[in-house]
Every structure is written in structure tokens, then in C-alpha cells.
Q: 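Just dropping this structure here.
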Amino acid sequence: MEWFTEQVIGLISQIPEGKFVSYGQVAKACGKPRAARQVARILKTYSAKLNLPWHRVINSQFKISLGKGNGYEEQKSLLIAEGIVFDNNDKIDPRKYRWDIE
DNA sequence: CGTGTGACGCGGG
DNA sequence: CCCCGCGCCACAC
């Protein structure tokens, strides 16, 4: 397993309940500021098997990146279950829920 | 080895 | 807010 991948997985696993981070945030924190897309791919590949809180990762627009009918509904409900509130535009408030990586 | 594809991000209209 | 284009990068064909 590559170093970057391990960093990403390690970081994601530390996101506190009720909080979120963006793909870009994770990429940056792991030393590759342009690798947001890779972070997404890593989640798709390992989330299920490694029991990661994948739902706590969204895009920089504070919205869920999964298409409706393709995981969107599930991610949303998981976040709501943790107390996160979505506004009328399906976005969440970063001032309340964003987790600023250590 | 060229080409297409994203669970992305940023700027612009 | 929505829609586009462009840059980015690992991967599948």
C-alpha cells in the first residue's frame, strides 16, 4: 500500500462524529494538494472493507459529491444521523461542522 | 502509448 | 444558484 494512501485512510478514520472535511483538505493534509480526485478514488476502493467514516468527506462546495440514486441519499442520512443539518440547497454549514485538520 | 473517466477544485459568466 | 471550461492525476481500455 502506498504511503499517500495510508495517510489518507489514517486521517479519514480520525474525523470526529458530527464533523466533515473536504477531499481537497485531506489531499493537502497528506502532502498532495492536487490529489483531491485520488482521495475520492481511495474512498471508493477501501471504505467498505476498512470500515471508514467515508460519509464525513464532501466537496469544497460543502455538498455531497455522489449523484442522487447513486449513494447520495445514504450519505445524507448518515450525516443527518450524526446531527448535521442540510440547508434548502443541500449544503451544510462549515462554521458549525467543518473539522479543521490538526 | 494515446484516450477517456471520475465520490475534485477554482474561476467565470 | 446553475452551468462551463480548464487543470489535475491515477487508472482502465
Q: Grab the two heavy atoms, one from A:I12 and one from A:P53, that are nearest each other, plus how far apart they are.
A: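 Taking A:I12 first and A:P53 second, the nearest heavy atoms are O-CG, 3.2 Å.
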
Q: Hey, is NZ on A:K28 packed in by over 12 heavy atoms from elsewhere, all under 6.0 Å?
A: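 It does not: A:K28 NZ has 12 such atoms or fewer within range.
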
Q: Return yes if some donor-acceptor pair links the side-chain N/O of A:Q25 with the main-chain N/O of A:F20 below 3.5 Å, else return no.
A: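 Side chain of A:Q25 to backbone of A:F20: no pair is present.
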
Q: Taking atom CZ of A:R95 and atom CZ of A:F62, what is their separation to the nearest 0.5 Å?
A: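 Reported value, rounded in 0.5 Å steps: 10.5 Å.
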
Q: If I compare all heavy atoms of A:Y46 with all of A:T5, which pair ends up nearest, and what's the gap?
A: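 Smallest heavy-atom distance, with atoms named: CE1-CG2, 4.0 Å.
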
Q: How close or far is atom C1' of B:dG6 from atom CG of A:L43, stated in whole angstroms?
A: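 To the nearest whole Å, that distance equals 13 Å.
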
Q: Any sub-3.5 Å donor-acceptor pair from A:N89's side-chain atoms to A:K91's backbone N or O?
A: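 Not a single qualifying donor-acceptor pair exists.
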
Q: Hey, does A:K68 have a side-chain heavy atom less than 4.5 Å from the side chain of A:D90?
A: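 Heavy-atom side-chain distance check passes, below 4.5 Å.
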
Q: Rounded to the nearest 0.5 Å, how far apart are CG of A:L50 and CG of A:L43?
A: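 Answer rounded to 0.5 Å: 10.5 Å.
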
Q: Using the heavy-atom set of chain A and a strict 4.0 Å cut-off, write down the first and last nucleotide of DNA chain C that makes it in, 5' to 3'.
A: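 Extent of the interface on DNA chain C: C:dC1 to C:dC11.
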
Q: Hey, can you pull the residues of residues 24-40 of chain A with a non-hydrogen atom under 4.0 angstrom from DNA chain C?
A: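 Result for residues 24-40 of chain A: A:R34, A:R37, A:Q38, sorted by number.
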
Q: Any chance CG of A:N51 has more than 12 other-residue heavy atoms, nucleotides or ligands included, within less than 6.0 Å?
A: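 No - once you tally the heavy atoms of other residues, nucleotides and ligands closer than 6.0 Å, there are 12 at most.
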
Q: Go through residues 53-90 of chain A and report each residue with a non-hydrogen atom lying under 4.0 Å from DNA chain C, sorted by number.
A: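 Going residue by residue through residues 53-90 of chain A, the ones with a heavy atom under 4.0 Å of DNA chain C turn out to be A:K63, A:N89.
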
Q: So which heavy atom on A:Q75 is nearest to which on A:V57, and how close?
A: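 The pair with the smallest heavy-atom distance is NE2-O, 3.1 Å.
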
